[in-house]
Each structure stands twice: as structure tokens, then as C-alpha cells.
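Here is the structure we will look at.
Since the structure is predicted, the reported quantities are computational estimates derived from the model, not experimental observations.
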Amino acid sequence: LSGDGGAITKMLKDMERDRERIERDIANIVYYMNGGLNFRDAYTIDQAQLTRLSQVISDHYERQNEAIKQASTKSR
């Protein structure tokens with residue numbers, strides 16, 4: 001690494017933040033897959049696949065929440 005200390009520090013902090021986000025995404029995927037994917041397998045997924053799986057899980061729960069809201073509105 002070369003350059004000023006501030007730029008290097010920022011780069012390292014950004015990398016740490018990215019690492020934490022990736023680990024959180026992997027933990028979420030493993031949890032919501034209910035045993036369909038283990039941590040070892042999840043860590044071999046490339047970033048694009050990880051992003052797609054995270055989005056699928058997010059979309060699923062958004063649809064479920066919307067269905068719950070609609071059902072509770074109909075029951076009133």
C-alpha cells in the first residue's frame with residue numbers, strides 16, 4: 001500500500017464495513033434457508049449470487065407483510 005495515511009485508513013474501514021455486511025447477509029441467508037444451505041456452502045457463493053439470494057428473501061418477506069396487512073384490513 002502506498003499513499004497518504006488517511007486514504008489507507010478510509011480504504012481499510014470501507015473494507016471492514018463490506019466484510020461485516022457480507023457476513024450479515026450470509027448469516028441471514030443461512031437462517032432463512034432453514035438448513036437448505038449451510039455456512040460453508042454460503043461462503044462459496046459469489047457476490048452476485050449472494051446479492052440475488054438476499055433480494056429474494058427480502059422480496060418474500062415484503063410480500064408476506066403486504067398479505068398480512070391486506071388480510072387484517074379485510075377482517076375489520
Side-chain angles (χ1 to χ4, degrees):
L1 291 173
S2 63
D4 76 57
I8 293 170
T9 299
K10 181 187 179 315
M11 181 182 70
L12 291 173
K13 286 181 180 180
D14 290 346
M15 289 171 67
E16 177 65 15
R17 188 179 60 248
D18 290 345
R19 183 195 60 78
E20 289 172 355
R21 182 187 53 78
I22 291 167
E23 287 182 354
R24 184 183 62 245
D25 287 349
I26 287 174
N28 282 330
I29 288 169
V30 169
Y31 176 79
Y32 288 111
M33 292 292 291
N34 292 322
L37 187 68
N38 62 39
F39 274 98
R40 182 179 41 228
D41 293 339
Y43 272 100
T44 63
I45 294 174
D46 68 41
Q47 186 62 41
Q49 291 172 320
L50 181 63
T51 300
R52 281 191 297 274
L53 279 172
S54 293
Q55 190 60 52
V56 166
I57 291 168
S58 179
D59 292 348
H60 171 74
Y61 282 99
E62 285 179 27
R63 285 191 304 273
Q64 280 192 329
N65 287 337
E66 186 59 35
I68 291 168
K69 286 179 189 176
Q70 289 177 359
S72 68
T73 301
K74 288 179 183 179
S75 66
R76 291 182 187 176

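Residue pairs satisfying the salt bridge (Lys or Arg N to Asp or Glu O under 4.0 Å) criterion with at least one member in residues 44-70, sequence neighbours excluded, are absent.
For Arg40, the CZ atom counts as loosely surrounded, since its 6.0 Å shell holds 12 or fewer non-hydrogen atoms of other residues, nucleotides or ligands. Surrounding OH of Tyr31 are at most 12 heavy atoms belonging to other residues, nucleotides or ligands under 6.0 Å away.
Ile22 and Leu53 end up in the same hydrophobic cluster when Ile, Leu, Val, Met, Phe, Trp and Tyr side chains are linked at under 4.5 Å. Hydrophobic clustering places Ile26 together with Tyr61 (ILVMFWY residues linked when any side-chain heavy atoms are closer than 4.5 Å, directly or through intermediates). Cluster annotation: Ile57 and Phe39 are assigned to the same hydrophobic cluster (Ile/Leu/Val/Met/Phe/Trp/Tyr, side-chain heavy-atom contacts under 4.5 Å, transitive). Using a 4.5 Å cut-off between side-chain heavy atoms of Ile, Leu, Val, Met, Phe, Trp and Tyr, with links allowed through other members, Tyr43 and Leu50 fall into the same hydrophobic cluster.
With sequence neighbours left out, the side-chain contact (heavy atoms from CB on, under 4.5 Å) criterion links Asn34 to no other residue.
At distances below 3.5 Å, not a single donor-acceptor pair connects side-chain atoms of Ser58 with backbone N or O atoms of Ser54.
The CD atom of Glu23 sits 12.0 Å away from the CG atom of Asn28 when rounded to the nearest 0.5 Å.
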Under the criterion salt bridge (Lys or Arg N to Asp or Glu O under 4.0 Å), I'd like the reasoning laid out for Glu16 against Arg19: C-alpha separation, chi angles, the key distance, then a yes or no.
CA-CA 5 Å; Glu16 177 65 15; Arg19 183 195 60 78; 2.3 Å; yes

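Clustering of Ile, Leu, Val, Met, Phe, Trp and Tyr by side-chain heavy atoms under 4.5 Å joins Ile68 with none of the others.
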